[in-house]
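Single-structure report; data block below.
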There are 2 protein chains.
Amino acid sequence: MARFKGQAEYSVDAKGRTAIPAKMRSALSPDAQNTFTLTKGFEPCIYAYPQDQWKIKEEEYGSLNTNSRDARHLVRMILMWAEEVSLDGQGRISLPKSLSEYASIGDKVLIIGAMDRIELWDPEQFANYLQDHKEDQETLVERVMGS
Amino acid sequence: MARFKGQAEYSVDAKGRTAIPAKMRSALSPDAQNTFTLTKGFEPCIYAYPQDQWKIKEEEYGSLNTNSRDARHLVRMILMWAEEVSLDGQGRISLPKSLSEYASIGDKVLIIGAMDRIELWDPEQFANYLQDHKEDQETLVERVMGS
DNA sequence: GAGAATGTGGGGAAAAGTGGGGAGATCGCC
DNA sequence: GGCGATCTCCCCACTTTTCCCCACATTCTC
């Protein structure tokens, strides 16, 4: 499985394209075929899953019972935001309008590696997010991982 | 199996035709022969199943017990709205009047990929639907998929 | 410091989306 | 049964968007 880490601030050009850091590109498994599926994050950002990783998620959604109202709603809410994008010859992807609007992304993106996915943030939104979650890291570690 | 995802707002022309997004068209299996079966959604929208997928649904309905009053009624309700349509040379389908009336579709449609089917919504109806179901997504995921 | 790799910008061909005309089939009416 | 109106398809034409390729500046590496 790809393990993304690190952060970088890149620009988004007039055509809505942004480069993926070379380090993250080289962390991609060949199975991903240089393709990501972008989707709406729980936070105000875009999640980018490499194709191989996304396939696993998709299987899960596909196995839900479509006769259940909740399941239909969930699938709708998640898949309507999902878009498949591939790297161009320059290692860039283009961001769908619906998603960059959701994440308030303008002409700059903050790209963050988060294990099995990459997150794309508007730098300002990310600063806000940090502001709202400035709990001491040590306390957090204890709360989440302290057995 | 075809795996539809993403959303797009398209127009419906004076003849009641609407294009199917190229991305969804290319997700069609050859077995579907560029043909969909449209039917009434459980929500106020039109479901479009690719032909191969619809065949499976039909099997399901066919295997229901015809001695049950409920089952007979269910089959009747579902099949009476089903209508087969094919893509024209431009990748469009034409929407039967009965269905577009049911879904209140005017000159714009919101097309949503939902796994094995495509959903056609009137944009306004969809906004209402969201309004009525704005449960937090994280909670929903937990409820439906939480182990 | 030279060469390679990385990030950024833009032009142009190809594809996608939209609208409309016209031939053929279907239906109703005279 | 004949005729006209309506509807359905198929085809053509135009506009917009997307994608692919080329080019350049900057950074990194050796």
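Below, read A as the first sequence line, B as the second, and so on, with proteins coming before strands; counting in each chain starts at 1.
- Atoms CG (A/L95) and C1' (D/dT17) sit 16 Å apart, rounded to a whole Å.
- Nucleic acid contact class of B/I20 (heavy atoms, under 4.0 Å, all strands): sugar-phosphate only.
- At a threshold of 4.0 angstrom between heavy atoms, the contacts of B/D13 are confined to the sugar-phosphate backbone, with no base atom among them.
- In this structure, B/D88 places its CG atom 15 Å from P of C/dG20, rounding to the nearest Å.
- Taking atom CD of residue A/Q90 and atom P of nucleotide D/dA23, one finds them 12 Å apart after rounding to whole Å.
- Ring geometry for A/F126 versus A/W121: interplanar angle over 60°, hence perpendicular rather than tilted (30 to 60°).
- The nearest whole Å value for the distance from the CZ atom in B/R92 to the C1' atom in D/dA13 is 12 Å.
- At whole-Å resolution of the value, CG in B/D107 and C1' in C/dT18 are 13 Å apart.
- The separation between A/K15 atom NZ and D/dT16 atom P is 17 Å, rounded to whole Å.
- Aromatic ring pairs are classed by plane angle as parallel below 30°, tilted from 30° to 60° and perpendicular above 60°; the pair B/F4 and B/F36 is tilted.
- In this structure, the ring of A/H73 has its center less than 6.0 angstrom from the ring center of B/Y129.
- Using a 4.5 Å heavy-atom cutoff, the side chains of A/P50 and A/T35 are not in contact.
- Take the nearest nucleotide of DNA chain C for A/A14 and for A/K23: the residue whose nucleotide is more 5' is A/K23.
- In terms of position on DNA chain C, the residue among A/R17 and A/A22 whose nearest nucleotide sits closer to the 5' end is A/A22.
- Atoms NZ (A/K97) and C1' (D/dT16) sit 11 Å apart, rounded to a whole Å.
- At least one side-chain nitrogen or oxygen of B/S11 sits closer than 4.0 Å to the OP1 or OP2 atom of C/dG19.
- What separates CG of A/L87 from P of D/dT18 is a distance of 18 Å, to the nearest Å.
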